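All remarks here apply to the structure that follows.
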Amino acid sequence: ADSAPNAIDQTQYTSAGHGQAGAFPGSGTTGPGYTATSGGCNNCHSAGAQHAPTKSGTDPYRLGAYATDTNGLCDTCHGVGGSATVIDIVSHTRATTGSSKTWPGNYNYKCVDCHDPHGDGNHYMVRSAVNNPTGVADTTMGSNGYGTPRDTTLSNITFTSQAGYAANSYAISGGASDGICEVCHTQTSVF
């Protein structure tokens, strides 16, 4: 009604996001098939939140009680005892990975830092661009408390292959292009 375009690509949402009712690309897991007409948006977004012309300062993505806890929202389906077919998906934090290395800014990544629940055409809802660290001193990578990237310079990602060390996969031969893991892991010697 306000002539502002919907930021959600409906084709990607229904083929690679939570709007997918069939098998997800990559995993083959059946998606939940959430649609606006079935009230599916309210599985994640607060039904009481207004679709105002400007974003709320305290709930910019209309997540209600999860406005500053996007991992908690993901865990309602994907955490231990969650309702989704795929449960027990863990976050990529230092504690979870068991890393003893120094992470830029000691930042603990959120699910939404790498995954777009609305789909982006990649396997496993991996975002088409992420705010990755540029070095150990970078403190602008990741996102703020609401899940908004802290930096506007993002690294593009195409993750459509699970071949391992191959184009559009986990690691890519050559220094000019990055696989999904290499976007953040720049000092890896074993893939």
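Positions are given from 1, in the same order as the sequence printed here. Here the structure is a predicted model, which means the values were calculated and not measured.
With rounding to the nearest 0.5 Å, the separation of OG1 in Thr158 from CD1 in Ile172 is 8.0 Å. Leu73 contributes atom CG, which lies 9.0 Å from atom SG of Cys111 (distance to the nearest 0.5 angstrom). The CG atom of Asp120 lies 12.0 Å from the SG atom of Cys114; values are rounded to the nearest 0.5 Å. We find the SG-NE2 distance between Cys184 and His92 to be 7.0 Å, quoted to the nearest 0.5 Å. Separation of atoms NE2 (His18) and CZ (Phe24) is listed at 5.5 Å; rounding is to 0.5 Å. Atoms OG1 and CE, on Thr134 and Met141 in that order, are 9.0 Å from each other to the nearest 0.5 Å.
Put simply, the side chain of Gln20 gets close to the backbone of Ser15: a donor and an acceptor are under 3.5 Å apart. With Asn144 contributing its side chain and Gly147 its backbone, the two residues share a donor-acceptor pair below 3.5 Å. Here the side chain of Tyr146 pairs a donor or acceptor atom with the backbone of Gly57 at under 3.5 angstrom. One N or O on the side chain of Thr14 and one on the backbone of Gln10 form a donor-acceptor pair closer than 3.5 Å. A side-chain donor-acceptor contact under 3.5 Å links Asn108 to the backbone of Arg94.
Between Tyr13 and Tyr34 the shortest side-chain heavy-atom distance falls below 4.5 Å. Looking at heavy atoms from C-beta onward, Thr70 lies out of side-chain contact with Tyr61 at the 4.5 angstrom threshold. At least one side-chain heavy atom of Tyr170 sits under 4.5 Å from a side-chain heavy atom of Gln162. Residues Val126 and His115 form a side-chain contact, since some pair of their non-hydrogen atoms from C-beta on lies under 4.5 Å apart.
When all heavy atoms of Tyr109 and Pro133 are compared, the closest pair comes out as OH-CD, 3.2 Å. The two residues Gly28 and Ala23 have their closest heavy-atom pair at O-CB, 3.5 Å. Residue Asp59 comes nearest to Ser56 through the heavy atom pair N-OG, 3.0 Å, listed as atom of the first residue, atom of the second, then distance. The two residues Thr58 and Pro60 make their nearest non-hydrogen contact at C-CD, 3.8 Å.
When each of Asp116, Val183, Asn156 is checked for a side-chain contact (heavy atoms from CB on, under 4.5 Å) with Val130, only Val183 meets the rule. Among the candidates Asp113, Thr153, Asp151, the single residue satisfying the side-chain contact (heavy atoms from CB on, under 4.5 Å) test with Asn131 is Asp151.
Side chains of Asn71 and Ser91: a donor-acceptor N/O pair is absent below 3.5 angstrom, by distance only. No side-chain N or O of Ser161 forms a donor-acceptor pair with one of Asn168 less than 3.5 Å apart. Side-chain contact, Tyr107 with Thr139: no donor N or O sits under 3.5 Å from an acceptor N or O.
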Working for side chain to side chain contact (heavy atoms under 4.5 Å, CB included), residues Arg127 and Val112: CA-CA 8 Å; Arg127 291 188 172 283; Val112 297; 4.1 Å; yes

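Cluster membership for Leu154 and Ile180, using ILVMFWY side-chain heavy atoms within less than 4.5 angstrom, is not shared.
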